[in-house]
Amino acid sequence: MNPSLPFFSKLYRNPLLLTAYLALSMILQPSALFAAALEEDKVAVIRKITLVRQNVFSKDDNPFGLGDPFLNRLHFITRKHIIKQELLFKVGDILDQDLINETERNLRKLIFIGSVKITADKNPDGSVDLTVYTRDLWTTVIGTKFSRVNNENVYGLLLEEQSLFGYGSPLRFGITNTIDGNSFRISNRYKRIQGTRWNLNTFLRDGPKEEYRYFFALNKPLYSLNTKWAFGAQLNNQNLPRKKDTIDEFLETSKSQSFSVTKVYGTRFRKLVSSINFFHENAESEKLESENLFQNIRELSGKISLRSLRFAKARRLDKMVRVEDIEMGASVGAGIAKSGKFINSDRDYWKLSANQTLAFPSGSRSWILQRFRYTNSFENDEDINSIWEFELKAYSQIFPNQTIAFRLFTGSRSNLDERTEIYNLRDRTGLRGYTSGDSLSGKKILLMNLEDRIFSDLKLATLSLGGVIFADAGGVWEESESINLSELNYTVGFGFRWEISKSASSRITKLDFALPLNGKGLSIDNIVVLLSSGQLFSK
């Protein structure tokens, strides 16, 4: 018989002795008494992080009959420190699933990364080992350009590397030839300068008729949901034609600088964002058949917004293969800007702005996204550039491999100055089958697009294939006119879609056959063929 049993038997019968014993145990041996409870409440700590970088093509891929070993040797795989610097966690941190999800989203934003997956393996001591899997995309592009504008041929050459030597910095060079001469463009983005969160963007252009542009931007963005400060500075010097509508065009020379500071308050998913911006521009615009216009503008502005954020993942909304992140939740914001003599500006005005967004799931595989924006300026007791716009987008995947996509866009622009564009409605802006010769330009717009986007499992080498059936309706009106539904233009049609799924620079290419229905009749002679890139609208 165990000699200790009589002792515990006495404790059980005497509540005072039992209480005293438990109290003494809590003082002398707290770790032994609460070991089980502490084991249940122990938080998981990250013990190790492993990066698994996968090249563009796997062993199962055999693009163009060249096979995996050959093409992968021509690609610089993303370097380890480029992936590591995007991680929002490190060894020794407490495991936070929100930060893992956000890290995946940030890595997916990198154009040269095709897929991302972060797994967690639990160890016997309660710690976890994280493994970050990434697969590269093909980053080198050599392309040509050919188009016909105003009965003139335009052609060019494009050289592009989205991740120079695997360091994540894109470099682009292009040359375009027109009847007026050659135009050169070169741009580069240097991310994470010396391992910091600062980025440097540059863009240089030199064209015919003394056209040029030099652009530099230095910024530290809100790179995570926990970031509290952001900064930015931009310098822009250009002499380029500015198109106001389909007919009117004028040459504009301008030098501008802007500086901004942003501060974030609140929690990770519910926050208040405030910013202050200073903008300075010297502009000289020569409007065709009109007088010269010179302005020295300085503007001081501030913005504030309230945001409630959520996120969702989806596939085959706008892209063929890659996972797409949808920012859900709601936001509302307002801004105010002032220009005047107190900052030595030639113009004296107030500018007010407001914006609102809302995005939410309407089912297990359906989403609705809505936005509204308003701006208005007041100068010399007059309204200038009064603009409001409303847009609604809906996606539904009720059919396998198909996405029903809908867009409604309406807006109004009134009391515009010489530099503010009006609405142009045609093939590339939402009304397929109508070209620039149809002169659908105005200051009020109503546009609706409905697409059945078909994403097939068919592949041709690295091409992912699909199709679309669509219907468009839209119209534009002058400032003094009311939107009249009976004056809408209509189009129906179908098209083919393809995308180089292994390429970082690839966008969905569209070949559409559109039949305008505004009185032209159902005739094959009226079908308009349009070849372009990118979805007509995206989330």
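It should be emphasised that the depicted structure is a prediction, and the values quoted were computed from it without experimental measurement. Numbers here are sequence positions counted from 1.
- Side-chain atoms of D136 and N55 include no donor-acceptor pair closer than 3.5 Å.
- Of all heavy-atom pairs between I193 and N199, the closest is CD1-C, 4.2 Å.
- Environment of CZ in F399: sparse, with no more than 12 heavy atoms of neighbouring residues, nucleotides or ligands closer than 6.0 Å.
- Remark: K313 fails to qualify as a cation-pi partner of F311 under the 6.0 Å distance and 45° angle criteria applied to the six-membered ring.
- Each of I94, D93, N226 was compared with L99 under the side-chain contact (heavy atoms from CB on, under 4.5 Å) criterion, and only N226 meets it.
- N123 is not listed as a side-chain neighbour of K48, based on a closest heavy-atom distance of 4.5 Å or more.
- Of the N and O atoms on the side chains of S366 and S396, at least one donor lies less than 3.5 Å from an acceptor on the other residue.
- One finds a salt bridge joining E451 and R432 here, because a Lys/Arg side-chain nitrogen approaches an Asp/Glu carboxylate oxygen to under 4.0 Å.
- With sequence neighbours excluded, the residues satisfying side-chain hydrogen bond (donor to acceptor under 3.5 Å, both in side chains) with S505 are E160, Q162.
- Not less than 6.0 angstrom separates the ring centroid of F390 from the ring centroid of F372.
- At a threshold of 4.0 Å, the pair R497-D512 counts as salt-bridged, since one of the basic side-chain nitrogens sits closer than that to a carboxylate oxygen.
- With F215 as the aromatic partner, R213 meets the cation-pi criteria of under 6.0 angstrom to the ring centre and within 45 degrees of the ring axis.
- R426 has no carboxylate O lying under 4.0 Å from a charged side-chain N of D472, or vice versa, which leaves the two without a salt bridge.
- Here the shortest heavy-atom pairing between N106 and Y223 reads ND2-O, 3.3 Å.
- Surrounding OH of Y214 are more than 12 heavy atoms belonging to other residues, nucleotides or ligands, all under 6.0 Å away.
- For Q535 (side chain) and I508 (main-chain N/O), no donor-acceptor pair under 3.5 Å exists by modelled atom type.
- Within the cation-pi definition used here (under 6.0 Å to the ring centroid, within 45° of the axis), R53 does not qualify as a partner of F76.
- Taking the charged nitrogens against the carboxylate oxygens, R268 and D96 do have a contact shorter than 4.0 Å, which makes a salt bridge.
- Geometric assessment of R79 against the ring of Y167 yields a positive cation-pi assignment under the 6.0 Å and 45° thresholds.
- Checked by atom type, the side-chain pair N239/Y212 shows no donor-acceptor distance below 3.5 Å.
- Legend: residues meeting side-chain hydrogen bond (donor to acceptor under 3.5 Å, both in side chains) with Q85, ordered by chain and number and at least two apart, are absent.
- Taking the side-chain hydrogen bond (donor to acceptor under 3.5 Å, both in side chains) definition, one finds that R197 meets it with nothing, sequence neighbours left out.
- Counting heavy-atom neighbours within 6.0 Å of K263 NZ, excluding the residue itself, gives a total above 12.
- Panel note: side chain K510, backbone L530; no donor-acceptor pair is recorded below 3.5 Å.
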